[in-house]
Structures are given as C-alpha cells and as structure tokens.
Chemist: 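If you scroll down you'll find the structure; I have some questions about it.
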Amino acid sequence: MIDDYCTYLAAAGYRPATIALRRAQLHHFEDTVGVPLEQVTAAQVTSWLAQPWAPETRHSYRSAVSGLYRWAHSTGRVDHDPTINLPAVHVPAGQPHPVDDDTYRQALDRAGSRTRLMLRLAAELGLRRGEIAHLHSTDLRRDPGGWVLAVHGKGGVQRTVPVSAGLARDIRLRGPGWIFPSQRGQHVTPAWVGTLCSTALGPKATVHGLRHRFASRAYHGTHDLRAVQELLGHSSPATTQRYVAVDDAELRAARVVEHSGLRLP
C-alpha cells in the first residue's frame, strides 16, 4: 500500500525528496504499529503518535499517516480512515533567526564560487535548499521588467521571483543545464546544498537562516507582508510572520505610538 501511495504522490507532482521522506515515515509507522496497515485502529494511531517527539516531528508524522489513509479510504483499500479524528498537533510559533551581516559576509569570503552562488540565492531570493538544488538554466529568463527566475517550490508549486542583474549574470555563467550539476549529470541534492552552505556559514548559522534574512530585509524594505509571502512561496501569511525579525528601533517606535494615545492599526 505504501508503494502505491508513493506512486500516487509522484503522479500528483510531489518532489522525490518529499516522497522519500513520506515513504520512510510510513515504513517506520508500519514497522512499529504492530499490525497490518489495513487493520490499524484509531486508538493505535493515537497511541503511536503519543511518543516523546518534538512538535514539528509529530506534526510531520501525523501528516504522513493521515495522507496515506485519506488516499487509501478514497480508493477503497481500507473501509475506514483511522486518522479522521486524530487530535491536531500544536506547533509553537518559531522565532525568526536571520543570519547577521558579518556572518554572511564572512561566509561569502570563504566560499568557492559555486557555494557563494548558493548562499546568494538563499540570502537574496529566499530560496530553500531544495529550490536551489533543482535550478536549471531554463528557469532564468528576461521579461520587460528585468530578470526573473522560475522557482520550483514545495508540492510542485512554482513561483516567479525577480532577480538582480548581477545575480542573473552569475547564474548565467554556470552555463546551460542544471545550475548545480552532480557528478552523475543530475542536479545536486538539497542535503548537499545544506552541507556546502553550512560549512561556509559556520556552526551558528544555517541556510534557512539566510531565508529568514531575506524575509526580514524584504519586509523592512516594503512593509508588505503579502508581497514577502509570495516571494517566499508560503501558503499562509502566518508562516511568513515567523520569518520576519523586528529590530529594536521598530519596537521603540511602536511603544512611542502606543504611549502617545494613538490607536495602533
């Protein structure tokens, strides 16, 4: 059943990395729940999810198992969906952690040309590791307003982001084909992008922190959360809010307005 479900996900356009994650999660579920998947009860799923996991891990496993059984029930493979009444998993809102200027500058200085471009794509465009890994020369094009890049996001959702002339030049210098090819002639993996960038950034920063850096700078430049949401490829503005760091000056300004008796919007 898991293999058939993963085939369904592939047909729906999910990325190989996402399918591989779901496959691993579902095999773990199958191995530990103790009964055939077709015989699993709601109580067994609930008990299995009550493990001492971090909220993000529990949420991800819940999504994997729920997705499997929604599909299995809709296609007649099971006569009931044991996940239909699972409790929602509360994931606490994370705090933004943008990479600071000094760390970013030092990372650019110590990185080679390939890793430097990866870092810039994360910091200047807000791209995820997987989006960087999957870039192809045909994704970059020029329209009347300037250079733009087609970004292949989560769940096969594509968005278009504007690119500076300098960054577009460096992308074009990579030549035709995959921007970051592997030794096998395909693109590199998202994990390898993370490894290269993390080596350049050092132990206190991450590629995802560069995405937070982009979100914070984009918002401070526009004060348009909706625009930043579109650039990041988020489905919800609530997610985007967790990426935007507010500096001390903005907090002080808000307090001045608050104490002046004016009504905040």
Chemist: Mind checking whether Arg114 and Met118 have side chains closer than 4.5 Å, heavy atoms only?
Modeler: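 The answer is yes, as the side chains (C-beta and beyond) meet within the 4.5 Å cut-off.
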
Chemist: Who passes side-chain contact (heavy atoms from CB on, under 4.5 Å) against Gln25, sequence neighbours left out?
Modeler: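 If we apply the side-chain contact (heavy atoms from CB on, under 4.5 Å) test to Gln25, skipping adjacent residues, the hits are Leu21, Arg22, Ser60, Tyr61, Ala64.
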
Chemist: With clusters defined by side-chain heavy atoms of hydrophobic residues (ILVMFWY) lying less than 4.5 Å apart, directly or transitively, does Val45 cluster with Tyr5?
Modeler: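 Result: yes, single cluster for both.
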
Chemist: Is it the case that more than 12 heavy atoms not belonging to Trp178 sit under 6.0 Å from its CH2 atom?
Modeler: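 Buried by this count: over 12 neighbours within 6.0 Å.
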
Chemist: Answer with yes or no whether the side chains of Asp79 and His73 bring together a donor and an acceptor at under 3.5 Å.
Modeler: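 No, no side-chain donor-acceptor contact under 3.5 Å.
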
Chemist: Do Arg77 and Thr75 have side-chain atoms, one donor and one acceptor, less than 3.5 Å apart?
Modeler: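 Looking only at side-chain atoms, Thr75 and Arg77 do form a donor-acceptor pair, the distance falling under 3.5 Å.
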
Chemist: Salt bridge check, Asp170 against Arg120: does any charged N sit closer than 4.0 Å to a carboxylate O?
Modeler: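 Between Asp170 and Arg120 there is a salt bridge, with a charged N closer than 4.0 Å to a carboxylate O.
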
Chemist: Dump the intermediate steps for side chain to side chain contact (heavy atoms under 4.5 Å, CB included) on Leu121 and Leu135, then the final yes or no.
Modeler: CA-CA 10 Å; Leu121 289 165; Leu135 282 180; 3.6 Å; yes

Chemist: Under 4.5 Å between any side-chain heavy atoms of Val33 and Ser47, yes or no?
Modeler: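 No, too far: nothing below the 4.5 Å cut-off.
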
Chemist: Can you hop from Val161 to Val244 via hydrophobic side chains spaced under 4.5 Å?
Modeler: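 Yes; Val244 is reachable from Val161 via cluster members.
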
Chemist: Quick one: are Leu127 and Arg211 in side-chain contact, heavy atoms under 4.5 Å?
Modeler: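 Heavy-atom side-chain distance check fails, nothing below 4.5 Å.
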
Chemist: Minimum heavy-atom separation for Ala218 and Thr222, please, with both atom names.
Modeler: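 So the two residues come closest at O-OG1, 2.9 Å.
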
Chemist: Please report the closest heavy-atom contact between Thr41 and Pro82, naming both atoms and the distance.
Modeler: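 Heavy atoms of Thr41 and Pro82 come nearest at C-CB, 3.7 Å.
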
Chemist: Strictly under 6.0 Å, is that where the ring centroids of His152 and His134 end up?
Modeler: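 No, the ring centres sit 6.0 Å or more apart.
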
Chemist: Assess whether a salt bridge exists between Asp101 and Arg217, defined as any Lys/Arg side-chain N lying under 4.0 Å from an Asp/Glu carboxylate O.
Modeler: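 The answer is yes: the pair qualifies as a salt bridge.
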
Chemist: Between the side chains of Gln106 and Thr103, does any donor sit under 3.5 Å from an acceptor?
Modeler: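 Gln106 vs Thr103: no donor-acceptor pair found between side chains.
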
Chemist: Please report the shortest heavy-atom distance between Gln241 and Leu225, naming the atom on each side.
Modeler: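 The answer is CG-CD2, 3.4 Å.
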
Chemist: Tell me if the centroids of the rings in Phe180 and His136 come within less than 6.0 Å of each other.
Modeler: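 Ring-ring flag for Phe180/His136: false, centres at least 6.0 Å apart.
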
Chemist: Is there a side chain to side chain contact (heavy atoms under 4.5 Å, CB included) between Leu210 and Leu201? Walk through the geometry before answering.
Modeler: CA-CA 10 Å; Leu210 292 176; Leu201 287 165; 4.2 Å; yes

Chemist: Which atoms form the tightest heavy-atom contact between Leu108 and Arg116, and what is the distance?
Modeler: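 Closest approach of Leu108 to Arg116: O-NE, 3.1 Å.
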
Chemist: Which heavy-atom pair separates Leu232 from Ala215 by the least distance, and what is that distance?
Modeler: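 Looks like CD1-CB, 3.7 Å.
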
Chemist: For residues Thr160 and Val151, determine if any side-chain heavy atom of one lies less than 4.5 Å from a side-chain heavy atom of the other.
Modeler: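 No. Closest side-chain heavy atoms not under 4.5 Å.
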
Chemist: Would you mind reporting whether Arg213 and Tyr104 have side-chain heavy atoms less than 4.5 Å apart?
Modeler: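 Yes - at least one pair of side-chain heavy atoms lies under 4.5 Å apart.
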
Chemist: Using the ring of each side chain (for Trp, its six-membered ring), is Tyr69 parallel, tilted or perpendicular to Phe29, with breaks at 30° and 60°?
Modeler: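 Perpendicular.
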
Chemist: Looking at every non-hydrogen atom in both residues, tell me the closest pair between Val207 and Gly194 and how far apart they are.
Modeler: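 Closest approach of Val207 to Gly194: CG2-CA, 4.0 Å.
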
Chemist: I'd like to check Glu131 versus Pro190 (side-chain heavy atoms, cut-off strictly below 4.5 Å). Are they in contact?
Modeler: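 No - every pair of side-chain heavy atoms lies 4.5 Å or more apart.
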
Chemist: With a 4.5 Å cut-off on side-chain heavy-atom distances among I, L, V, M, F, W and Y, is there a chain of contacts connecting Leu86 to Leu26?
Modeler: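 Same hydrophobic cluster.
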
Chemist: Decide whether Gln229 and His234 meet the rule of one side-chain donor and one side-chain acceptor closer than 3.5 Å.
Modeler: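 Result is no, nothing qualifies.
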
Chemist: Determine whether Thr199 and Thr115 make a side-chain contact, defined as any pair of heavy atoms from C-beta on separated by less than 4.5 Å.
Modeler: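 When only atoms from C-beta onward are counted, Thr115 and Thr199 do not touch, as no gap falls below 4.5 Å.
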
Chemist: Does a side chain donor of either His208 or Tyr243 reach within less than 3.5 Å of an acceptor in the other side chain?
Modeler: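 There is such a pair (donor and acceptor under 3.5 Å, judged by atom type) between the side chains of His208 and Tyr243.
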
Chemist: If you count the non-hydrogen atoms of other residues, nucleotides and ligands that lie under 6.0 Å from CZ in Arg172, is the total more than 12?
Modeler: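 Count not over threshold, so no.
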
Chemist: So, using side-chain hydrogen bond (donor to acceptor under 3.5 Å, both in side chains) as the criterion, who are the partners of Trp48 when residues are at least two apart?
Modeler: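 Result, side-chain hydrogen bond (donor to acceptor under 3.5 Å, both in side chains) vs Trp48: Thr32.
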
Chemist: Which residues pass the side-chain contact (heavy atoms from CB on, under 4.5 Å) test with Asp109, not counting sequence neighbours?
Modeler: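 Partners of Asp109 by the side-chain contact (heavy atoms from CB on, under 4.5 Å) criterion, ordered by chain and then number, come out as Arg105.
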
Chemist: For residues Asp4 and Tyr8, determine if any side-chain heavy atom of one lies less than 4.5 Å from a side-chain heavy atom of the other.
Modeler: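 No, their side chains stay 4.5 Å or more apart.
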
Chemist: Please walk me through it: do Trp192 and His187 pass side chain to side chain contact (heavy atoms under 4.5 Å, CB included)?
Modeler: CA-CA 10 Å; Trp192 186 236; His187 57 74; over 6 Å; no

Chemist: Donor-acceptor pair, distance only, cut-off 3.5 Å: does the side chain of Arg58 make one with the backbone of Val89?
Modeler: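 No, the answer is negative, given that no donor and acceptor are paired below the 3.5 Å cut-off.
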
